[in-house]
Structures are given as C-alpha cells and as structure tokens.
Amino acid sequence: MKKKFLGLAAAGAMLLTLAGCAGGGTSAGSSEGPKPADQLVVGFSQVGSESGWRTANTTDIQAAFKDAGIELKFSDAQQKQENQIKAIRSYIQQGVDVIAFSPVVETGWDAVLNEAKAANIPVVLTDRAVDSADDSLYESFLGSDFVEEGKKAGEWVLEEYKDSTEPVKIIQLEGTTGAAPAIDRAEGFADAIKGDDKFEVVASQTGDFTRAGGKQVTEALLKSNPDANLIYAHNDDMALGAIEAIEAAGLKPGVDIKIVSVDAVKDGMQALADGKINFIVECSPLLGKQLVDIVNQINEGETPEKRIITEETTFTKDQAAEALPTRQY
Ligand code: GYE
C-alpha cells in the first residue's frame with residue numbers, strides 16, 4: 001500500500017481523513033509499514049452457494065485465512081449484486097485492510113469500487129472479472145480463463161463428432177446471465193465450433209449455475225428439441241440437473257444425449273466416471289492460498305500481479321475414475 005499512498009497523492013489528505021473517520025482503522029501497509037497477520041482484516045463478499053464449485057471455493061478461502069491467522073469477514077450475497085454492493089460498502093465503513101470479492105455479474109461495479117479507492121482500501125477480484133474500463137479500481141484479478149474453458153469444451157465436441165456427417169444439435173445450459181463465466185464460456189465454445197456448420201446450438205438458456213435450474217431448463221428444452229444430441233452445460237451442477245431431466249424423459253444421459261460440462265467437482269466427476277457425463281473441463285475453486293498471498297503482498301507494500309490465471313486440466317471418463325479417490329472437492 002505504500003506505493004498506493006504515493007500514487008494517490010492527488011487525492012490528498014481529505015480522503016485519508018474520510019477513511020479514518022469511516023473505519024477508525026489504518027489500512028494494511030500504510031505509512032506505519034506492514035501489519036502483523038493477526039491485525040489484518042479482510043472482507044470477502046462471496047457470490048452465493050449456488051453450486052458445488054462455490055461451496056468448495058468458500059471452504060478453501062475460509063480455511064486459507066484461518067491457516068494464515070488473518071481475520072476474514074465473510075458474507076454470502078445469495079447471487080444478488082445489490083447484496084454484494086451492500087457488503088462492500090459495509091467493509092469500507094468498517095475500514096478493513098483489503099476487500100476481496102467474486103462479482104456475480106460483470107457490469108455495474110464502478111461506483112462502489114471508486115468508493116473503496118477513495119477510502120484507500122485495495123480490492124482484489126477472485127474468480128470472476130468486472131468489465132470496468134479503469135483497471136486501477138482493483139489490485140489484482142485471480143481466477144480462471146473462462147474463454148479457454150469454453151474453447152476446451154468445444155474442441156472436445158469437434159473431436160467427438162469428427163467422423164459424423166450428420167448435424168449435431170446442441171443445447172447450451174448457460175450460467176448466471178451477465179456473469180463472466182457464462183459470457184466467456186459461451187464465447188469460447190462458439191468460437192471452437194464455428195468452423196463446421198454441422199454443429200448447431202438449437203437452444204441456449206440460463207440455468208443460473210444451479211442443479212434445479214439445469215433440470216428445469218433441460219426438461220423444457222428437451223420437449224422443444226427432442227432430437228438434441230448434446231448438452232453443453234456451463235457447470236457440473238447444471239449438468240447433474242440435466243441428467244435427472246434426461247432420465248425422467250426415459251433417455252440415457254451420456255449415450256442418447258451426450259454431456260460436456262465445466263468445473264470437475266466431485267459429483268460431476270462421479271457422473272463422468274459413471275458414463276453419464278462425457279467430458280469435463282476443470283475449473284479450480286481452490287483460490288484461498290493464492291488470495292492470502294496477494295493480501296500479504298499488498299500488506300508488504302508490494303504490487304501483486306494484475307492477472308493471475310488458475311492452472312486447469314480436462315477429464316475423460318477414465319481420468320475421472322482415476323482422480324476421484326483423491327479429489328479434494
Ligand atoms: O463454474 C460455477 C459457479 O464463477 C467459476 O460459478 C465460477 C462458477 C463455477 O457457480 O459452478
């Protein structure tokens with residue numbers, strides 16, 4: 001934060017006074033230098049608990065801060081942007097040292113991020129991006145490359161159907177509307193399959209990243225598209241909901257209708273090992289340790305990397321069976 005203080009010289013003492021009044025505390029790494037871990041306070045606003053991925057992400061972040069001996073104030077926004085904005089404002093009020101959050105949607109953050117900036121509280125984005133043109137509104141963005149994930153799913157589809165001359169009708173189960181992973185996973189996938197017009201996305205709807213949403217949307221879309229060959233689900237939970245809907249329609253998931261999804265959480269991996277899902281692109285929720293590292297860097301007055309991309313792989317049926325016994329989440 002030392003650098004930040006210099007960088008914000010133009011903002012002047014008034015903002016520092018305001019921050020002082022609001023929170024009564026000094027920010028990490030301020031003029032007095034780094035704080036000991038047990039005096040650091042981080043406010044984290046989580047998206048919700050919509051999926052197995054999210055639960056694993058929350059558990060991992062909470063455990064990492066506990067291990068580091070850093071206090072973590074945690075709030076669950078129940079997939080509502082207004083709740084996240086309230087939580088962030090309250091962290092600003094409390095004068096926490098760092099605010100971290102996983103933005104439910106990409107747009108609409110500039111005002112509250114400017115408030116954090118004015119209060120001189122560094123913000124770290126985890127998991128999902130914001131679309132702000134001003135990237136000085138956050139210190140670092142830690143998370144996956146969702147376009148790449150969508151591309152990997154699309155490339156698997158290309159390979160799976162490479163010998164087929166028939167049309168391939170695809171139903172897409174989208175994540176939360178306006179969320180970075182929903183936008184980017186759709187884009188990467190569309191890009192991968194666009195070269196061959198035998199692939200047709202016949203229907204695409206949001207299932208809000210939940211199992212119930214995936215089930216409900218699949219039920220409806222199978223009725224309007226009884227000849228669908230494949231479901232591309234933006235996460236495992238929606239794929240698991242789709243499996244229920246496919247079975248309820250008297251069809252065999254993974255055989256009559258193939259499924260490709262993203263995440264690789266345990267339940268998804270089990271369905272893959274059982275042959276009900278055909279391919280999964282991994283998206284790691286284990287961001288806790290890296291988030292602690294970023295907070296420590298900020299506290300030390302260092303500048304964290306602006307973009308930290310999570311390393312991820314893909315899984316076939318056999319690879320899922322092999323990975324399952326030691327899968328953490
Ligand atoms: O894929 C999905 C969750 O933002 C990467 O959010 C995350 C996504 C994840 O609900 O399961």
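First listed ligand is number 1; within each ligand, the first listed atom is number 1.
Contact annotation: for Arg185 versus ligand 1, heavy atoms closer than 4.0 Å belong to the side chain alone.
Residue contacts with ligand 1 include Asp127, since one or more of its heavy atoms lies under 4.0 Å from the ligand. By the 4.0 Å heavy-atom criterion, Val262 is excluded from the residues contacting ligand 1.
Using a cut-off of 4.0 Å between Lys/Arg side-chain N and Asp/Glu carboxylate O, Arg54 and Asp127 are scored as salt-bridged. No salt bridge links Glu149 with Lys152; every basic N to acidic carboxylate O contact stays at or beyond 4.0 Å. Salt-bridge formation is detected for the pair Asp267/Arg211: a Lys NZ or Arg NE/NH1/NH2 atom is positioned less than 4.0 Å from an Asp or Glu carboxylate oxygen. Using a cutoff of 4.0 Å between basic side-chain nitrogens and carboxylate oxygens, Glu244 and Lys276 are not scored as salt-bridged. Under 4.0 Å is where a charged nitrogen must lie from a carboxylate oxygen, and between Glu160 and Lys258 at least one such pair does. In this structure, Arg89 pairs ionically with Glu115, as a charged nitrogen and a carboxylate oxygen lie closer than 4.0 Å. With respect to the salt-bridge test (charged N to carboxylate O, under 4.0 angstrom), the residues Lys151 and Glu187 do not qualify.
Each of the following atoms of ligand 1 lies closer than 4.0 Å to a heavy atom of Asn235: 2 (C), 11 (O). Per-residue contacts place Phe146 under 4.0 angstrom from the following atoms of ligand 1 (heavy atoms of the residue considered): 5 (C). When each atom of ligand 1 is checked for a heavy atom of Cys283 under 4.0 Å away, the hits are 5 (C). Atom numbering of ligand 1 starts at 1 in the shown order; those under 4.0 Å from a heavy atom of Pro181 are 4 (O). Those atoms of ligand 1 with a heavy atom of Ser51 less than 4.0 angstrom away are 2 (C), 3 (C), 10 (O), 11 (O).
Side chains of Thr176 and Asp208: a donor-acceptor N/O pair is present below 3.5 angstrom, by distance only.
Scanning the protein heavy atoms around atom 9 (C) of ligand 1, the nearest turns out to be Asp263 OD1, 3.5 Å. Ranking the protein heavy atoms by distance from atom 10 (O) of ligand 1 puts Glu50 OE2, 2.5 Å first.
The residue among Met238, Glu149, Gln79, Arg128 with a heavy atom at the shortest distance from atom 6 (O) of ligand 1 is Arg128.
Under a hydrophobic-cluster definition in which Ile, Leu, Val, Met, Phe, Trp and Tyr are linked whenever side-chain heavy atoms come within less than 4.5 Å, directly or via other members, Ile231 and Val168 are assigned to different clusters.
Considering backbone and side-chain N/O of Arg54, one or more are found under 3.5 Å from N/O of ligand 1. Between His234 and ligand 1, no pair of N/O atoms sits closer than 3.5 Å.
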